[in-house]
Amino acid sequence: MEMRLHLPVLTTLLLISARPSSVAGGLCRDSCGDVPVRYPLGIDDGCGSPYYRSMLTCTDNTTLRLRTPSGTYPVSGADYADPHLVVTDPSMWTCARPFTSVHAAPFSLDTSTRFSLSPRNDHLFFNCDEDRVIVAPRPAICDRYPDRCDSACDNAGYLCRNLPGCRDALDEGNMTCCTYRPRAAESLWAMMRHCEAYTSVYWRVVGDKFPPYDQVPDYGVRVDFEIPVTTRCLQCQDRRRGANGTCGFDPVTRDFVCICGDGRNSTTDCADVRGSGHGASAGVVAASVVFSISAAIGIGGIVMYIRKMRSNKVVTSGVQSNENRFF
């Protein structure tokens, strides 16, 4: 009876301990629409670096979006040689549509993440209330020593006179413009309370000219990101060794996982024979569980048989002799 009570408990413990870890299932998508998605970014749970987990989504497999405290924004481009994303804020005014007054929260980032606003961004504000906003030309020395200047909105900036795609739009629409480089997201929100609209322009690198002549202004918000470099990830991606894997992580433990093209998940790389796929690992685990349960049942049967044999032996005067001693 004692063995019958303990056996189900033992079986349950064996099943729990043998449960395989939950890792990224299937393969990681390497693009969303026309935007490439590579390490450290990922749109499938368990892909990329855990630092960027759940920060990117892919809508209908066509539109990549970035989640931030101020909203979810479409991503129009990604560069991994010079790590950055180009994000579009639908509330921004551009030359592509008529000017309208929009009092919406401007784009902002969570400073606790590995994303950061690039210094190549310029924010332009239109029709600001000059009784509430300091609008003044920005001295040339501020470009070299920005910390020595105040937070005035520059109404003599280059971009206000050369908006991308509509150089004379401000004069034609009788609009005022000033350029502002915020030091915090709160200052952007304060500006939007006293200005009718805003747009963001980043400096896009083109051609092979020397800086700064290799940059042109374009609409969007440049968001820089870091690429964590680890030995295990480099080994996982090493094509020379036949690895050719994708760096990922276990969604439960956040431990590193090398995701292989055939669906296997390895702790090192795809050329490692110790790597185990979902199907293979499930078979091994199942076989181990069956063997462990069978062994437990067999041992339990032996113990019960021994106890039965001992109870049937005749013991004279309460003392076991060499003839009736079982052990």
Side-chain angles (χ1 to χ4, degrees), residues 33-35 63-66 68 70-79 82 84-109 117-130 132-140 142-143 146 151-182 185 187-207 209 211-224:
D34 297 330
V35 181
T63 304
L64 185 66
R65 293 181 177 274
L66 174 66
T68 76
S70 57
T72 303
Y73 301 92
V75 177
S76 59
D79 192 319
D82 179 19
H84 71 272
L85 301 175
V86 177
V87 178
T88 302
D89 183 356
S91 66
M92 294 190 315
W93 177 78
T94 67
C95 295
R97 55 190 175 89
F99 179 82
T100 55
S101 178
V102 179
H103 293 280
F107 176 86
S108 64
L109 282 176
L117 281 175
S118 172
R120 296 184 183 179
N121 292 315
D122 282 311
H123 290 80
L124 279 64
F125 291 86
F126 305 103
N127 293 348
C128 296
D129 183 356
E130 297 191 15
R132 302 294 185 91
V133 177
I134 301 175
V135 179
R138 182 181 176 90
C142 295
D143 293 333
S151 57
C153 196
D154 181 15
N155 61 351
Y158 170 83
L159 290 175
C160 282
R161 293 178 283 108
N162 298 274
L163 278 175
C166 50
R167 185 171 181 175
D168 300 325
L170 298 181
D171 293 336
E172 294 175 357
N174 195 25
M175 299 161 53
T176 62
C177 170
C178 60
T179 306
Y180 184 67
R181 293 184 178 179
S187 57
L188 282 178
W189 297 335
M191 290 286 292
M192 284 303 301
R193 287 198 296 267
H194 307 300
C195 302
E196 291 187 3
Y198 99 105
T199 193
S200 177
V201 174
Y202 75 102
W203 292 89
R204 179 167 53 89
V205 177
V206 295
K209 298 180 181 179
Y213 304 104
D214 62 341
Q215 301 176 16
V216 295
D218 203 353
Y219 291 107
V221 182
R222 172 171 167 148
V223 178
D224 295 339

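Atom set for the values below is all heavy atoms of this structure, side chains included, hydrogens, waters and symmetry mates excluded.
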Out of V133, L188, N155, which residue meets the side-chain contact (heavy atoms from CB on, under 4.5 Å) rule with F125? L188
Check whether T68 reaches the backbone of L109 with its side chain - one donor and one acceptor, N or O, closer than 3.5 Å. no
Tell me the closest heavy-atom pair linking D224 and P119, and the distance in Å. OD2-CD, 4.1 Å
Output the distance between atom CG (D129) and atom NE2 (H194), rounded to the nearest 0.5 Å. 7.5 Å
Please evaluate residues D218 and W203 with respect to the criterion side-chain hydrogen bond (donor to acceptor under 3.5 Å, both in side chains), reporting the C-alpha separation (whole Å), side-chain torsions for both, the decisive distance (0.1 Å), and the verdict. CA-CA 6 Å; D218 203 353; W203 292 89; over 6 Å; no
Measuring only between side-chain heavy atoms, which start at C-beta, is P217 closer than 4.5 Å to L159? yes
From OH (Y202) to NE2 (H123), nearest 0.5 Å: 14.0 Å
Trace of the side-chain contact (heavy atoms from CB on, under 4.5 Å) decision for R65 with T63: CA-CA 6 Å; R65 293 181 177 274; T63 304; 4.1 Å; yes
Given Y73 and T88, is the side-chain contact (heavy atoms from CB on, under 4.5 Å) satisfied, shown in steps? CA-CA 6 Å; Y73 301 92; T88 302; over 6 Å; no
Below 4.5 Å, heavy atoms only, C-beta onward: do T94 and C166 meet side chain to side chain? no
Grab the two heavy atoms, one from A78 and one from L85, that are nearest each other, plus how far apart they are. CB-CD2, 3.5 Å
Test item: C195 and C153 side chains (from C-beta on) under 4.5 Å apart, heavy atoms: no
Roughly how far, to the nearest 0.5 Å, is CG of D122 from OG1 of T179? 6.0 Å
How far does SG of C177 sit from CG of L163, to the nearest 0.5 angstrom? 6.0 Å
Return yes when the gap between the SG atoms of C128 and C178 is under 2.5 Å; return no otherwise. no
Looking at every heavy atom in both S200 and M92, which two are closest together, and how far apart are they? N-SD, 3.2 Å
Where is the tightest heavy-atom contact between V87 and V223, given as atom of each residue plus distance? CG2-CG2, 3.9 Å
Heavy atoms of G220 and N121 approach each other most closely as O-OD1, 4.2 Å
Between D89 and F107, what is the shortest heavy-atom contact and its length? OD2-N, 3.6 Å
Flag yes if more than 12 heavy atoms outside R132 fall under 6.0 Å of its CZ atom; otherwise flag no. no
Any chance the rings of F126 and Y198 have centres within less than 6.0 Å? no
Determine whether D82 and R222 satisfy the following criterion, side-chain contact (heavy atoms from CB on, under 4.5 Å), listing intermediate values before the conclusion. CA-CA 11 Å; D82 179 19; R222 172 171 167 148; 3.1 Å; yes
So Y219 and V201, side-chain contact (heavy atoms from CB on, under 4.5 Å) or not? Walk me through it. CA-CA 5 Å; Y219 291 107; V201 174; 4.1 Å; yes
Mind running salt bridge (Lys or Arg N to Asp or Glu O under 4.0 Å) on R204 and D79 for me, showing each step along the way? CA-CA 11 Å; R204 179 167 53 89; D79 192 319; over 6 Å; no
